[in-house]
Amino acid sequence: MALNEQQFDHYLNIETEGYQQGYPKKLDYHRYEPTPYKALEQLFNEYELPEQAVCVDIGCGKGRVPIYLHDKFRVRTKGIEMDPKFFAAAMQNLLQYKAKHRLRVGSIEFYHQLAEEYNVQKQDNVFFFFNPFSIHIFRRVLNNILASYEQNPRKLHFIFYYPSPEYMDYLFTHPILTLKQEVRMQGEQNVNERIVIFTT
């Protein structure tokens, strides 16, 4: 039997539900909304992470995706969050998760900074986006990641939940990236309710 949102949070011993009230002070950055667990479950029923995956959630909010991925796959995960309140919530959720589940030191990390300023590590190879900011910021973030790729060539996976049309237009015309897979959310009528994966 599939767990609902509250049950999943309870199992992980975290609190990630809710939405941001109002809008961010900077219009280029979008409001917080957690990725539904049912979307994550469907994604990983149809898509396989690469070997030695190190997953980076860009705009991680309260830390749901990094903690979920660690619990499900025991992979190293990271979350980047610019908002101090959401970063604090992510750190609290990490403490609560560690209190209930075994956790290797350093296997989940959260960074309080702008995504475009993140120092991409050569081990980072999976990047998750839930439409966290405008196309202008996205281009800067993607260029930062691909600069690391040029210095340390490797297979990169980019996972986009509910990608905006602007993101898709840019991705389809990008000279380095190729569409690998599309996962349409079951029971959803909205064509944007999907996850797309691009790779280098």
Side-chain angles (χ1 to χ4, degrees), residues 24 26 28-30 35 40 43-44 46-84 86-87 90-91 94 103-183 195-200:
K26 298 181 179 180
D28 274 328
Y29 300 89
H30 300 161
T35 305
L40 293 171
L43 168 64
F44 293 106
E46 302 183 32
Y47 158 77
E48 186 175 347
L49 286 171
E51 292 185 7
Q52 298 181 324
V54 177
C55 304
V56 183
D57 182 7
I58 306 294
C60 70
K62 299 177 183 179
R64 173 181 290 190
V65 171
I67 291 172
Y68 168 90
L69 288 173
H70 176 269
D71 181 75
K72 190 173 184 71
F73 299 107
R74 293 296 187 265
V75 294
R76 185 179 178 191
T77 64
K78 303 177 181 181
I80 315 298
E81 179 53 52
M82 71 168 193
D83 185 280
F86 293 141
F87 173 75
M91 293 299 292
L94 178 56
L103 179 67
R104 297 187 306 276
V105 174
S107 57
I108 302 177
E109 300 169 273
F110 291 113
Y111 298 83
H112 179 212
Q113 63 181 127
L114 295 173
E116 56 268 39
E117 297 176 358
Y118 171 63
N119 181 23
V120 180
Q121 303 298 300
K122 63 182 180 180
Q123 297 87 0
D124 298 342
N125 59 0
V126 179
F127 298 87
F128 184 90
F129 296 81
F130 179 7
N131 196 23
F133 29 61
S134 72
I135 186 63
H136 309 293
I137 302 298
F138 174 64
R139 287 174 180 160
R140 292 169 58 187
V141 172
L142 186 60
N143 287 338
N144 182 43
I145 295 170
L146 293 178
S148 168
Y149 165 77
E150 291 175 358
Q151 293 177 355
N152 297 282
R154 60 204 186 274
K155 192 77 167 181
L156 299 182
H157 288 216
F158 296 88
I159 303 172
F160 300 91
Y161 173 61
Y162 210 100
S164 70
E166 293 83 5
Y167 277 33
M168 293 301 294
D169 288 345
Y170 185 68
L171 291 165
F172 274 125
T173 59
H174 199 283
I176 295 178
L177 302 180
T178 302
L179 178 64
K180 170 183 173 63
Q181 191 172 348
E182 179 174 332
V183 178
I195 298 176
V196 293
I197 299 101
F198 282 78
T199 59
T200 51

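Predicted, not measured: the structure shown is a model, and the values here were computed from it.
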Is the distance from the ring center of [X] to that of [Y] below 6.0 Å?
X: Phe172; Y: Phe198; result: yes
X: Phe110; Y: Phe87; result: no
X: Phe44; Y: Phe73; result: yes

For a 4.5 angstrom cut-off between non-hydrogen side-chain atoms, does [X] reach [Y]?
X: Tyr162; Y: Tyr167; value: no
X: Pro50; Y: His157; value: yes
X: Gln181; Y: Val196; value: no
X: Arg140; Y: Ile137; value: yes
X: Val126; Y: Ile159; value: yes

field: Donor-acceptor under 3.5 Å (Ser148 side chain, Asn144 main chain)
entry: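 Checking the backbone N and O of Asn144 against the side chain of Ser148, no donor-acceptor pair under 3.5 Å is found.
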- prompt: Glu166 side chain to Tyr170 main-chain N or O, any donor-acceptor pair under 3.5 Å?
  reply: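 No; judged by distance alone, with no hydrogens or angles, the pair does not exist.
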field: Working for side-chain hydrogen bond (donor to acceptor under 3.5 Å, both in side chains), residues Glu109 and Tyr111
entry: CA-CA 7 Å; Glu109 300 169 273; Tyr111 298 83; 3.3 Å; yes
For [X] and [Y], work out which heavy atoms get closest and say how close.
X: Arg154; Y: Thr200; value: O-OG1, 3.2 Å
X: Gly79; Y: Pro66; value: CA-CG, 4.1 Å
X: Gly61; Y: Ala90; value: O-CB, 3.7 Å
X: Ile58; Y: Ala115; value: CG2-CB, 3.5 Å
X: Val54; Y: Asn125; value: N-OD1, 2.8 Å

- prompt: Are there more than 12 heavy atoms of other residues, nucleotides or ligands under 6.0 Å from atom NZ of Lys122?
  reply: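 Check fails, neighbour count at 12 or below.
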- request: For the pair Tyr161 and Phe129, evaluate ring-ring contact (aromatic ring centres under 6.0 Å, His included) and give the outcome as yes or no after the intermediate values.
  value: CA-CA 6 Å; Tyr161 173 61; Phe129 296 81; over 10 Å; no
query: Going by distance alone, is a donor N or O of one side chain under 3.5 Å from an acceptor N or O of the other, for Tyr118 and Glu116?
result: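 Distance-only check fails for Tyr118 and Glu116.
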message: Quick one about Thr77 and His70 (side-chain donor to acceptor, distance below 3.5 Å, no hydrogens or angles considered), yes or no?
response: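 Result is no, nothing qualifies.
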- request: Flag the pair Lys62 and Glu81 as a salt bridge only when some basic side-chain nitrogen lies within less than 4.0 angstrom of an acidic carboxylate oxygen.
  value: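 A salt bridge is absent here (no side-chain N lies under 4.0 Å from a carboxylate O).
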- request: Look at Lys78 together with Asp124 and state whether they make a salt bridge at an N to O cut-off of under 4.0 Å.
  value: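 Yes, charged N to carboxylate O under 4.0 Å.
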query: CD1 of Ile108 to CG of Asp71: how many Å apart, nearest 0.5 Å?
result: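 It is 8.5 Å, given to the nearest 0.5 Å.
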task: Enter the distance from Met91:CE to Leu94:CG here, rounded to the nearest 0.5 Å.
output: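 Answer for the CE-CG pair, Met91 versus Leu94, is 6.0 Å.
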query: Which residue pairs pass the ring-ring contact (aromatic ring centres under 6.0 Å, His included) test when at least one of the two sits in residues 49-68, sequence neighbours left out?
result: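 As it turns out, the ring-ring contact (aromatic ring centres under 6.0 Å, His included) pairs with a partner in residues 49-68, which skip direct neighbours, are Phe8-Tyr68.
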query: Looking at residues at least two apart in the chain, or sitting in another chain, which of them share a ring pair (Phe, Tyr, Trp, His ring centres under 6.0 Å) with Phe158?
result: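 Phe158 satisfies ring pair (Phe, Tyr, Trp, His ring centres under 6.0 Å) with Phe127 once adjacent residues are dropped.
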